[in-house]
Amino acid sequence: MGPSDPASHVATKSGRTPRNAIMFGPAGFAYVYLSYGVHWFLNVVTDAEGEAGAVLIRAVDPLDGMQVMSARRDLASGPGRVGQAFGVTATLNGHDLAVPLLQLLAGWSLGPSDVGESQRIGITRAKERLLRFFVLNNGSVSRPRV
DNA sequence: ACTCCGATTGTT
DNA sequence: ACAATCGGAGTA
């Protein structure tokens with residue numbers, strides 16, 4: 001939602017800044033930022049060039065390269081863990097997600113009944129908006145901390 | 001220049 | 001419940 005979402009990095013009065021500049025570019029690029037000075041968060045830019053918008057990847061379900069069956073459940077459940085699992089750092093900010101180094105590919109097919117939506121996690125502004133989307137009945141989906 | 005705090009996580 | 005850890009953004 002970009003500017004119309006109070007929880008977005010582009011929602012401030014300053015609008016475009018050095019940090020969020022990638023969000024104003026074309027879709028399909030990585031927007032990476034450091035959270036709490038600790039975790040690298042991976043976002044995918046979604047809107048057309050000139051229109052700021054991005055989606056945070058909060059979890060990933062490891063399908064290939066998981067010699068680690070035991071770790072499967074929580075290996076990449078949580079945005080900080082996604083960053084850690086893929087080795088995301090500042091150098092990936094602005095990365096073209098069509099390039100194999102870190103690439104978005106078509107996944108298995110999902111219908112509307114496979115996708116859940118809920119309030120977002122960990123934010124203070126615009127909590128009520130249902131802008132968190134997840135695969136239903138998938139163990140890798142991240143959850144709020146109890 | 002200085003303050004506040006953040007789409008968190010691991011440990012106590 | 002709390003520390004870790006740091007830079008963006010707002011205020012002065």
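Quick note: numbers below take in every heavy atom, side chains included, and nothing from hydrogens, waters or symmetry partners. Just so we're on the same page: letters track the sequence lines, and every chain starts at 1.
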Original post:
Is a donor on one side and an acceptor on the other found under 3.5 Å between the side chain of A:Asn138 and the backbone of A:Val135?
Top reply: no
Original post:
Side chain of A:Asp5, backbone of A:Gly2: donor and acceptor closer than 3.5 Å?
Top reply: no
**OP:** At under 4.0 Å between heavy atoms, which parts of nucleotides 1-12 of chain C does protein reach? Answer with one letter per nucleotide, 5' to 3': B base, S sugar-phosphate only, - none.
**Re:** B--BBB-SSSS-
Measure the distance from [atom1] on [X] to [atom2] on [N] and round it to the nearest whole Å.
{"X": "A:Arg143", "N": "B:dT9", "atom1": "CZ", "atom2": "P", "result": "12 Å"}
{"X": "A:Asn43", "N": "B:dG6", "atom1": "CG", "atom2": "P", "result": "17 Å"}
{"X": "A:Leu56", "N": "B:dG6", "atom1": "CG", "atom2": "P", "result": "16 Å"}

Original post:
A:Arg81 side chain N/O closer than 4.0 Å to the phosphate oxygens (OP1, OP2) of B:dG10?
Top reply: yes
Rounding to an integer number of angstrom, what distance separates [N] and [M] when you compare their [atom1] atoms?
{"N": "B:dC5", "M": "C:dA3", "atom1": "P", "value": "16 Å"}
{"N": "C:dT5", "M": "B:dC2", "atom1": "P", "value": "23 Å"}
{"N": "B:dA7", "M": "C:dG10", "atom1": "P", "value": "13 Å"}

Original post:
How would DNA chain B look in dot-bracket form, 5' to 3', counting Watson-Crick and G-U wobble pairs with both distances under 3.5 Å and writing | for bases paired to another strand?
Top reply: ||||||.||||.
Original post:
Roughly how far, to the nearest 0.5 Å, is the NE2 atom of A:His9 from the CZ atom of A:Arg16?
Top reply: 16.0 Å
Subject >> same_hphob_cluster(A:Val44, A:Met23) at 4.5 Å side-chain heavy-atom cutoff >> reply: no
Do [X] and [Y] have side-chain heavy atoms sitting under 4.5 Å apart?
{"X": "A:Leu92", "Y": "A:Leu101", "result": "yes"}
{"X": "A:Ile57", "Y": "A:Asn43", "result": "no"}
{"X": "A:Ser35", "Y": "A:Pro79", "result": "no"}
{"X": "A:Arg129", "Y": "A:Pro6", "result": "yes"}

**OP:** May I ask you to check whether A:Phe29 and A:Tyr31 place their ring centres under 6.0 Å from each other?
**Re:** no
**OP:** Answer yes or no: side-chain N or O of A:Arg58 and base N or O of B:dA7 forming a donor-acceptor pair under 3.5 Å.
**Re:** no
